[in-house]
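Some notes on the structure that comes next.
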Amino acid sequence: MTTYITKALSSLATNGTLTPPLTPNENDAKSILRSSSPHPLISPEQNLLRLKAHLQNLPTDLLKHVHLSKIRREDPSLYFSAIRDDLTGLAPIVYTPTVGEACQKYSHIYQGPEGLYLSIDDKDRMPEILAEYAAKLSTTPQILVVTDGSRILGLGDLGIGGMGISVGKLNLYVAGGGVNPHGCLPVVLDMGTNTESIRNDPLYIGLRRPRASLEEATEFMDRFMAAASSAFPNAVIQHEDFYSEAAFAFLDKYKNQYRMFNDDIEGTGSVILGGFMAAAKQASAASGKALKDHRVVFLGGGSAAVGVAKEMMNFFKMQGLTEDEARERFWLIDTKGLITSTRPDVVAGKLASHKKYFIRNDTEGKEYPSLADVVEYVKPTALVGLSTTFGAFGEDVVRRMADLNEAPIIFPLSNPTSKCELSFADALNWTGGKVVFASGSPYAPIERDGLLREPGQGNNFLVFPGIGFGALQAGAKRVTEAMITASAIALSEALNEEEKKAGLLYPRLDRIREVSARVAAGVVRKAQEEGVDTNEKLRGLDDQALIKEMNDAQWWP
């Protein structure tokens, strides 16, 4: 057993009860806090006020993130009470964009184990390790968020620092989805890192070796998925931030074997489909163009881009198009330009397998190497960015989109903000305020022409807690593609009248618990329709009763 697995297990033994390390037993934690206080009868309300005051005095978001992580380990009820009271303000601290910096500096700000750290060196001992781990727990994990740290946000291969993303996602499962924090288990699979500066950092706590090949990683994943499903048979396993080739390979291999989904591919696809449904209606109302006639250009060819494009195809299928007709509405650009059948690397058979689905066969031998070239050729109604390249949507392209469309749809989705293709302010200025906008990271509202313009944020936070929670409540045998699409439809239907009048594409985050309940209900309903549910008590309920069941099942601090 590796040193850091031993540390993770040892941390459980010191928590008083054997609960997942994300959240030690809250009664024990409060006892520790109160016994060390000169006033042992300090109320939870006072502790909450003190925490809020302390956060205001910390000068940087990273310091706030580190302090909140400490509070989460010591007193999860206090931690989630703070997030409940200021979700909009604290979500960017506990998750993107601050979590990106925390992952980059993980070994430097490390204060102790936060979850389960598993080494590829121990791949043959997965059943033994996870069975031993499960036997020591008093609460069985419901949700596992698993990463190998190979593609954290848009920041590259961060190795064991990926643990920060697993913890961050589970924070949002609790805050937004109502999952009990004692049922959350963050996992990092340490397969090395190809980032030499991290590997050579004297403070780095992970394996100091180049990243394992896909073949070796698949061996490890086979053993982990089987052992985890055996040790935690009722849990939902979410894959997070694997590099593109591995992400698609693992999703294809495991989605019909285990209760799992990939948030980067399927969660991102769902939330963007939900936003695009609203955006397309706004744009078509402005232009008179039929919904089925929208044309979408993607900048980016990674797992998230391909996953989003495939999920967005369902919008066109809803308009009556066939799969082939829906696929023809998409043009994907990678680092070599528009993906065409005549491009030299495609002809040579060197195109990554996950991109092949969107190869264009209709360009008559002409290549389009730049975004500007493709926009001029396609004349799209929508532009989607998942390139992780800051400023990739330049002024010339954005102004051309405004020339071509009454209400150009522009979704710069790369995270964090330092990787975003276009800021909200530039989008408004360069389109004369006509843009229908959603980004991956948050931007502040801007007053323009006497109106307060609120940017959409295509944040997976709006769907993945509902997907996971819904799969849990349904007792789903697996998470099907139709359940993912159902989550997007439920999200689009969650907009209230005030939000629709304001032209919003997404519900506001301060309604996240309500939205997550609706998303979860949509997921449960689709699981029932597909015959993969096992919770008979939820069958036969009407939609409102099902939403109420989801609300009632949520955990509150």
Side-chain angles (χ1 to χ4, degrees), residues 1-32 72-77 112-148 160 162-163 166-167 169-171 173-174 179-191 205-207 219-240 254 257-260 468-469 471-473 475-478 534-535 555:
M1 186 176 293
T2 65
T3 302
Y4 36 92
I5 291 174
T6 303
K7 284 180 181 175
L9 291 172
S10 298
S11 74
L12 293 174
T14 61
N15 287 332
T17 61
L18 298 170
T19 53
L22 178 63
T23 53
N25 180 275
E26 60 184 297
N27 292 323
D28 288 348
K30 288 175 182 174
S31 296
I32 292 168
R72 185 192 64 246
R73 290 192 296 273
E74 293 177 346
D75 190 347
S77 188
E114 297 185 279
L116 188 57
Y117 304 73
L118 298 173
S119 166
I120 194 169
D121 291 345
D122 291 322
K123 66 177 183 291
D124 294 330
R125 299 184 59 238
M126 283 298 104
E128 174 192 347
I129 290 170
L130 290 180
E132 178 186 348
Y133 188 84
K136 294 179 182 292
L137 299 176
S138 63
T139 304
T140 303
Q142 297 175 300
I143 301 278
L144 280 67
V145 174
V146 182
T147 187
D148 69 347
I160 207 168
M163 174 55 83
S166 293
V167 172
K169 285 285 184 179
L170 286 167
N171 287 336
Y173 261 111
V174 178
V179 174
N180 190 315
H182 302 288
C184 295
L185 180 59
V187 181
V188 64
L189 305 177
D190 191 354
M191 307 190 202
I205 63 174
L207 288 176
E219 268 186 63
F220 185 21
M221 285 298 296
D222 285 347
R223 288 167 171 77
F224 167 76
M225 291 296 292
S229 296
S230 176
F232 317 119
N234 297 316
V236 172
I237 302 174
Q238 176 178 313
H239 284 195
E240 189 70 31
Y254 305 129
Q257 296 182 53
Y258 305 109
R259 188 186 289 112
M260 63 81 61
F469 193 69
L472 278 175
Q473 295 300 313
K477 299 171 188 174
R478 60 184 187 276
T534 60
N535 186 353
W555 176 89

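Numbers for residues simply follow the sequence, beginning at 1.
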Is the backbone of [Y] close enough, under 3.5 Å, to the side chain of [X] for a donor and an acceptor to pair up by distance?
X      : Y      : answer
Ser166 : Val145 : yes
Arg259 : Ser229 : no
Tyr254 : Asp222 : yes
Arg73  : Glu114 : no
Asp190 : Leu207 : yes

Handout entry: Pairwise distance CG(Leu185) to OG1(Thr139) - rounded to 0.5 angstrom
Key =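 So the CG of Leu185 and the OG1 of Thr139 are separated by 11.5 Å.
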Handout entry: Atom pair CE/CG of Met191 and Asp121 - distance to nearest 0.5 Å
Key =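 Between Met191 CE and Asp121 CG, I get 11.5 Å after rounding to 0.5 Å.
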Exercise for the section: Please test Leu130 against Leu116 for side chain to side chain contact (heavy atoms under 4.5 Å, CB included), starting from the C-alpha separation and ending with a verdict. Expected result: CA-CA 10 Å; Leu130 290 180; Leu116 188 57; 3.5 Å; yes
Exercise for the section: List for me each residue that meets side-chain contact (heavy atoms from CB on, under 4.5 Å) alongside Glu128, sequence neighbours excluded, and say none if there are none. Expected result: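 Per chain and number, Glu128 pairs via side-chain contact (heavy atoms from CB on, under 4.5 Å) with Arg125.
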Minimum heavy-atom distance between [X] and [Y], given as atom pair plus value:
X      : Y      : answer
Phe220 : Lys123 : CD1-CB, 3.6 Å
Ala228 : Leu144 : CB-CD2, 4.3 Å
Leu189 : Met221 : CD1-SD, 3.3 Å
Asn180 : Trp555 : ND2-CD1, 3.5 Å
Pro181 : Val174 : CA-CG2, 3.7 Å

Side chain to side chain, [X] and [Y], heavy atoms closer than 4.5 Å:
X      : Y      : answer
Leu170 : Val179 : no
Arg72  : Val167 : yes
His239 : Met225 : yes
Lys169 : Ile143 : no
Gln142 : Phe469 : no
Phe232 : Leu137 : yes
Leu118 : Tyr133 : no

Exercise for the section: If a pair satisfies salt bridge (charged side-chain N to carboxylate O under 4.0 Å, His left out) and one of its residues is in residues 223-233, list it, with sequence neighbours excluded. Expected result: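 For residues 223-233: Asp124-Arg223, Glu219-Arg223.
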